[in-house]
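To start, the structure under review is shown below, and the notes come after it.
Read the numbers this way: they start at 1 and go in the same order the structure lists the ligands and their atoms.
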Amino acid sequence: MDIEDTLLMIPGPVKVAPRVLRAMSKPMISHRSGEFGAIYSECAELLKEFFQTKNQIAIMTGSGTLGMDAAVAGIIGHEDKIVTISNGKFGERFTEIGERYGKCVPVKFDWGMPFDLDRVEAALEEGAKAVAMVHNETSVGLTNPAKEVGRLAKKYDAVFIVDGISSIGGNEFLTDEWNIDIAITGSQKALAVPPGLAVVSVSPRAEERFLAQSASYYADLKAHLKSARKSPAQTPFTPAVPLFFAMQEALHMAAEEGFAARRERAAKQAESVRSAAKALGIELFPQTNENSHYSNTVTAMKMPEGVSDDKLRGGMKKKGVIVSGGQEQLKGKIFRIGTMGVCSSGDLLRTIQTLELILLKEGNIHSCGVGVEAMSRVLDS
Ligand code: PLP
């Protein structure tokens, strides 16, 4: 299969628009120039629309995890407690990071299960400098209750750190309204930029509670914020300049579409995937409740009866459509389809059509079309 014909439907990295790819091939500029500073400042301003914040934004060269690492390293010292809530792979990553820098108090739920807020509150009652959670748990396709945890963080005066890596730009994400002190995203998700930039917003409250010295030299948020506030805006170290070109172009695209319109499109697209799954008799993986919802950016589905991961994802790959499998204990048990960034109706219809062809071959369905029809009904509504 020609790489040009391959359709990437994983929950990041996502498809990148040709005009964004072209922007990356511009001649190099000095990262200490006014030209670079203008790009940085414009990106930071536009990113505030995605983050729904007035807080200062720092753009760092590195993947999303760098943003998570920077947040915890800047706030948590050896003697400080951090409550880390998890119901999937990336929540558990916060626990691993917390254990590196301080005293971690994990509040752990089974993968794909909603948070029990009473357990979160009980952990916070014991006293903690910070609480960290993942808004959109990519590994299980569940959107967690950031607003409700934000309320608890405020009540117990803890710095609220939220991984919005697969959320910001796709799901509703209200940094300021939800009391989020440090919010993080990565360029390769809903921003539809190639991987390599981490974006972090930091509230004045979090800045007041920074450690005198971050445990990280490279990811020292104080240094990144200081450089971002310079005129022209800068980064402490040499950034991945072509990725800034790409980010600026991708944000122009988002502004042209409208930030709210983009979120609404993702919501409709995810609903269309869920509708196709239902029509094909495929069960969704996560459990939802009044505060925890199916994700708008990634749909996690159980592997259909009697079909192996190799047959399903391997078969789809041979037809040029790449979807994700399960991670760790969910390997072979689920598969996931991303609906982020510039994903189109055509991309989605091709994905479901390809899935149907595999299910037909495996004897799970007797004819093709019901999934595509169900999807199309939602997309056209
Ligand atoms: N957090 C979430 C919710 C993610 O989806 C991912 C990546 O898939 C990460 C963290 C890690 O991001 P990165 O691989 O960019 O470091």
Side-chain angles (χ1 to χ4, degrees), residues 8-16 47 50-51 58-73 84-98 100 109 111-112 115 132-146 149 160-173 175 180 182-201 216 218-219 239-240 243 246-247 250 266 270 285-286 292-300 322-328 330-331 334-341 343:
L8 193 60
M9 294 299 292
I10 66 175
V14 301
K15 179 174 94 172
V16 177
L47 283 161
F50 269 144
F51 280 67
I59 308 169
M60 301 193 287
T61 294
S63 76
T65 306
L66 180 76
M68 299 166 77
D69 199 46
V72 181
T84 56
I85 317 167
S86 67
N87 56 357
K89 182 177 173 67
F90 298 106
E92 289 181 6
R93 183 165 298 176
F94 258 141
T95 302
E96 288 166 14
I97 297 171
R100 263 313 150 88
F109 302 99
W111 283 33
F115 292 176
M133 63 170 278
V134 176
H135 183 230
N136 188 80
E137 185 45 85
T138 323
S139 58
V140 299
L142 189 61
T143 301
N144 290 316
V149 176
F160 188 28
I161 303 173
V162 180
D163 166 348
I165 291 172
S166 66
S167 192
I168 292 172
N171 290 310
E172 180 175 68
F173 192 96
T175 302
I180 300 173
I182 306 185
I184 304 139
T185 195
S187 55
Q188 79 276 24
K189 308 277 186 183
L191 306 182
V193 174
L197 293 179
V199 184
V200 182
S201 78
S216 171
Y218 184 79
L243 291 174
M247 172 90 88
F285 175 72
S292 304
H293 310 284
Y294 293 123
S295 165
N296 289 339
T297 57
V298 51
T299 302
I322 317 288
V323 299
S324 281
Q327 292 166 290
E328 299 186 17
L330 293 178
K331 251 191 195 119
I334 65 166
F335 68 106
R336 296 172 297 146
I337 293 177
T339 41
M340 296 176 191
C343 163

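If you number the atoms of ligand 1 from 1 as listed, the ones under 4.0 Å from a heavy atom of Val134 come out as 3 (C).
Note: Phe50 and Phe173 fail the aromatic proximity criterion, with ring centroids not under 6.0 Å apart.
For the pair Gln188 and ligand 1, the shortest N or O to N or O distance falls below 3.5 Å. Residue Ser63 places at least one N or O, backbone or side chain, under 3.5 Å from an N or O of ligand 1. Taking only nitrogen or oxygen atoms, main chain and side chain alike, Leu66 does not reach within less than 3.5 Å of ligand 1.
Using a 4.0 angstrom heavy-atom cutoff, Arg93 counts as in contact with ligand 1.
Residues Asn136 and Thr143 bring a donor and an acceptor atom of their side chains to less than 3.5 Å of each other. Using modelled atom types and a 3.5 Å distance limit, the side chains of Trp111 and Glu137 yield no donor-acceptor pair.
At the top of the distance list for atom 6 (C) of ligand 1, counting protein heavy atoms only, stands Phe90 CE2, 3.4 Å. With hydrogens left out, the protein atom closest to atom 5 (O) of ligand 1 is Thr138 OG1, 2.4 Å, a heavy atom. Considering only non-hydrogen protein atoms, atom 1 (N) of ligand 1 sits nearest to Asp163 OD2, 2.5 Å. Among protein heavy atoms, atom 12 (O) of ligand 1 sits closest to Thr65 OG1, 3.7 Å. Nearest to atom 8 (O) of ligand 1 among the protein's heavy atoms is Lys189 NZ, 2.6 Å.
A donor-acceptor pair under 3.5 Å is formed between the side chain of Ser187 and the backbone N or O of Gly196. Using modelled atom types, no side-chain atom of Ser139 and backbone atom of Gly88 make a donor-acceptor pair closer than 3.5 Å. Using modelled atom types, one side-chain atom of Lys189 and one backbone atom of Pro11 make a donor-acceptor pair closer than 3.5 Å.
At a heavy-atom cutoff of 4.0 Å, ligand 1 is contacted by the backbone of Asn136 but not by its side chain.
With contacts defined as side-chain heavy-atom distances shorter than 4.5 Å, the pair Lys89/Leu330 does not qualify.
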